[in-house]
Number of protein chains: 2
Amino acid sequence: MRYAYDVYEDRCPTRLVLDRLADKWALLILDRLEGGPVRFNHLRRDIKLISQKVLSQTLKKLERDGLVTRTVYPTVPVTVEYALTPLGRTLAETAAALTHWAEHNMDAILASQAAYDAALAER
Amino acid sequence: MRYAYDVYEDRCPTRLVLDRLADKWALLILDRLEGGPVRFNHLRRDIKLISQKVLSQTLKKLERDGLVTRTVYPTVPVTVEYALTPLGRTLAETAAALTHWAEHNMDAILASQAAYDAALAER
DNA sequence: TCTCCTTAGTATCCATTGGAAACCATGTTT
DNA sequence: AAACATGGTTTCCAATGGATACTAAGGAGA
């Protein structure tokens, strides 16, 4: 069985989506939201070195795609909570697989990079 | 059980790896190589609209990370074949999950985007 | 022979993106 | 009054991305 969409085709909207998902920050945010709703500055503190601009932009895109909801509570100062939608949750599982793969296979990759660089320097 | 690495930490090398994997083109290339070795120009034709520069750069990074091998055959003109390493194959499965997710959930995302944009225009 | 085609890239240029830092409004605490 | 919290936007510069043209080596066709 085949899908109606094909990521290998330019013009295919999946390209736009893949472009969105294949983003370091988007993956980390989705991963981080899996445990439940999180506030803006909380995300900012958890995901080290993400800038406010990029966090804000990325959340806006994820909200537009229907992966994340944004809820404002009229406290003082205002509280804004981000949470996964059901659709977002299905993606977060896939995203988690990627981040876990990275954590899991880090040693092999570092070793390969060292060997590659050494071989290059030798020439 | 916990890993020795944590993607949420800056300084953690997994950040660099996630940065590499969280790339539209890298995912598409890994996905494409799952079926077996493929030549440079074949990849270029298959992955529509990828530029030669980006394809070349991405393959080089994947090779450095030990995910892809590059084999040169002294034919005329020269043939260069790219293939997944065993490590690369484990990642390709995860990458495939992402591209398939995109193909599978495209309609829901397009609908969400349309609703979001309509609500924005209304205001 | 001259020109075009193939291979797998590199080189160059410009536009878009990314990140660092400053700034904003609002209101509480010190 | 000054500092801190909230959740952002704005500004600026450096880095990245993509389009295009170019390279070298050799084969095929005119």
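All of these numbers come straight from a predicted model, not from anything done at the bench. Atom set for the values below is all heavy atoms of this structure, side chains included, hydrogens, waters and symmetry mates excluded. Below, chain A is the first sequence line, B the second, and so on; all start at residue 1.
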Practice problem: Over all heavy atoms of both residues, which pair between B:Met106 and A:Pro13 is shortest? Give the atoms and the distance, please. | Solution: CE-CB, 3.3 Å
Self-check item: For atom CD1 of B:Ile47 and atom P of D:dG18, their distance in whole Å
Solution: 12 Å
Practice problem: Indicate, with yes or no, if A:Leu49 and B:Val17 share a hydrophobic cluster defined by side-chain heavy-atom contacts under 4.5 Å among Ile, Leu, Val, Met, Phe, Trp and Tyr. | Solution: no
Quiz prompt | Of A:Val68, A:Thr69, A:Thr85, the residue whose pairing with A:Leu33 passes side chain to side chain contact (heavy atoms under 4.5 Å, CB included) | solution = A:Val68
Practice problem: Determine yes or no for a side-chain-to-main-chain donor-acceptor pair under 3.5 angstrom, with A:Asp31 supplying the side chain and A:Leu27 the backbone. | Solution: no
Practice problem: Note down the inter-axis angle between the two ends of the helix from C:dT1-D:dA30 to C:dT30-D:dA1, five pairs each, to the nearest 10°. | Solution: 20°
Self-check item: Atom-pair distance (CG on B:Leu55; P on D:dG18), nearest Å
Solution: 11 Å
Quiz item: Side chains of A:Trp25 and A:Leu55: closer than 4.5 Å at any heavy-atom pair?
Solution: no
Quiz item: With a 4.5 Å heavy-atom cut-off, do B:Asp117 and A:Arg64 have their side chains touching?
Solution: yes
Quiz item: In terms of the nearest nucleotide of DNA chain C, which residue is placed more toward the 5' end: A:Ile50 or B:Glu81?
Solution: B:Glu81
Quiz item: Between C:dA8 atom C1' and B:Leu59 atom CG, what is the distance in whole Å?
Solution: 11 Å
Quiz item: Rounded to the Å, how far apart are A:Arg39 CZ and D:dA5 P?
Solution: 12 Å
Practice problem: Would you kindly give the CZ-to-P distance between B:Phe40 and C:dT7, to the nearest whole Å? | Solution: 11 Å
Practice problem: With the side chain of A:Asn41 defined as its heavy atoms from C-beta on, choose the nearest nucleotide among D:dG7, D:dT9, C:dG18. | Solution: D:dG7
Quiz item: How is B:Tyr82 classified with respect to the nucleic acid when contacts are heavy atoms under 4.0 Å: base, sugar-phosphate, or nothing?
Solution: sugar-phosphate
Practice problem: Could you point out which residue of A:Val38, A:Asp46, A:Thr58 forms a side chain to side chain contact (heavy atoms under 4.5 Å, CB included) with A:Ile29? | Solution: A:Thr58
Self-check item: Under 4.0 Å protein heavy-atom contacts per nucleotide of nucleotides 20-30 of chain D, with B for base, S for backbone only and - for none
Solution: -B----SS---
Quiz item: Whole Å only: how far is the OH atom of A:Tyr73 from the P atom of D:dG8?
Solution: 14 Å
Quiz item: Quick one: do the B:Asp65 and A:Tyr116 side chains pair a donor with an acceptor below 3.5 Å?
Solution: no
Quiz item: Can you tell if the side chain of B:Val80 reaches within under 4.5 Å of the side chain of B:Arg39, non-hydrogen atoms only?
Solution: no
Quiz item: Would you say A:Gln113 and A:Ile109 make side-chain contact, with heavy atoms under 4.5 Å?
Solution: yes
Practice problem: Would you classify A:Arg44 as touching base, sugar-phosphate or nothing, given that sugar-phosphate means primed atoms plus P, OP1 and OP2, and contacts are heavy atoms under 4.0 Å? | Solution: nothing
Quiz item: What is the distance from NZ of A:Lys61 to P of C:dT16, rounded to the nearest Å?
Solution: 14 Å
Quiz item: Is there a side-chain contact between B:Tyr5 and A:Thr99 (heavy atoms, below 4.5 Å)?
Solution: no
Quiz item: Do A:Val72 and A:Phe40 share a hydrophobic cluster (ILVMFWY, side-chain heavy atoms under 4.5 Å, transitive)?
Solution: yes
Practice problem: Strictly below 4.0 Å, heavy-atom distances to any atom of DNA chain C: list the hits from residues 18-30 of chain A, or just say none. | Solution: A:Trp25
Quiz item: Please give, in whole Å, the distance from C:dG19 C1' to B:Arg15 CZ?
Solution: 13 Å
Practice problem: Hey, which sits more toward the 5' end of DNA chain C by its nearest nucleotide, B:Arg45 or B:Gln57? | Solution: B:Arg45
